[in-house]
Amino acid sequence: VQLQASGGGLVQRGGSLRLSCAGSGNGNSIRAMSWYRQAPGKQRELVAEISSSGLTNYADSVKGRFTISRDNSKSTVYLQMNSVKPEDAAVYYCSADLLYYTSSGEPVVERSWGQGTQVTVSS
């Protein structure tokens, strides 16, 4: 499964932005999907994740402001960013955990990453 992220750009402080990440290929293998971000000079950090059944988890820094959702029929995950702050500026990456089975029936989980999409916040 290949992931294509989109929706990044320039947003004003306090504004909103919606990121999308569409998967192509065997969408049936997709399990959890996530958004990470990496600011200059910092490590990549988890922003939000959503299970295949819709359970969500957020970084404390974005709780109440960001919402992750997914459309399984489109193999797509979204990140709605509201009340954006300057510290939200970063390159945002989507990821998907892919479940496969070996020839002997053993489950294997691999993570696929999309290319980053830049979010810039103007104050």
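The model shown is predicted, which means the values in this text are computed figures rather than measured ones.
Among all heavy-atom pairs drawn from I68 and S34, the shortest one is CD1-CA, 4.4 Å. Heavy-atom minimum distance, V11 versus S16: CG2-O, 3.5 Å. Summarising the geometry of A39 relative to A89, their closest heavy-atom pair is CB-O, 3.8 Å, with the distance given to 0.1 Å.
Hydrophobic clustering (side-chain heavy atoms under 4.5 Å, transitive across Ile, Leu, Val, Met, Phe, Trp, Tyr) groups Y58 together with Y92. In the hydrophobic cluster analysis, where Ile, Leu, Val, Met, Phe, Trp and Tyr join through side-chain heavy atoms closer than 4.5 angstrom, L79 is grouped together with L3.
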**Request:** Decide side chain to side chain contact (heavy atoms under 4.5 Å, CB included) for R18 and Y78; before the verdict, give the C-alpha distance in whole Å, the side-chain angles of both, and the deciding distance to 0.1 Å.
**Result:** CA-CA 7 Å; R18 189 193 195 206; Y78 305 96; 3.5 Å; yes

Scan the side chains in residues 116-123 for donor-acceptor partners under 3.5 Å anywhere in the protein, sequence neighbours excluded, and list what turns up.
residue : atom : partner : partner atom : Å
T117    : OG1  : G8      : N            : 3.1
Q118    : NE2  : A90     : O            : 3.4

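Remark: the backbone N or O of V1 is paired with a side-chain donor or acceptor of S112 at under 3.5 angstrom. Side chain of Q115 to backbone of Q4: no donor-acceptor contact under 3.5 angstrom is found. When atom types are taken as modelled, the side chain of R70 and the backbone of I50 share a donor-acceptor pair closer than 3.5 angstrom.
Here the CG-OG distance, from L99 to S29, works out to 7.5 Å after rounding to the nearest 0.5 Å. Atom-to-atom distance recorded for Q80:CD and S69:OG is 8.0 Å, nearest 0.5 angstrom. Interatomic distance, CG of N28 versus OG of S52, reported as 11.5 Å (0.5 Å rounding).
Taking the six-membered ring wherever Trp is involved, the centroid distance between the rings of W113 and Y36 falls below 6.0 Å.
Side chains of D71 and T76: no donor on one and acceptor on the other come within 3.5 Å.
A 4.5 Å side-chain heavy-atom check between P107 and Y100 finds every atom pair outside the cut-off. With a 4.5 Å cut-off on side-chain heavy atoms, S51 and R31 do not count as touching. Side chains of W35 and L19 form a contact here, defined as non-hydrogen atoms less than 4.5 Å apart. Using a 4.5 Å heavy-atom cutoff, the side chains of R44 and R37 are not in contact.
Enclosure of atom CD in E87 by more than 12 non-hydrogen atoms of other residues, nucleotides or ligands within 6.0 angstrom is indicated.
Residues passing the ring pair (Phe, Tyr, Trp, His ring centres under 6.0 Å) test with Y93, sequence neighbours excluded: none.
The pair K85-D88 does not meet the salt-bridge criterion, since no charged nitrogen lies less than 4.0 angstrom from a carboxylate oxygen. In this structure, D97 pairs ionically with R111, as a charged nitrogen and a carboxylate oxygen lie closer than 4.0 Å.
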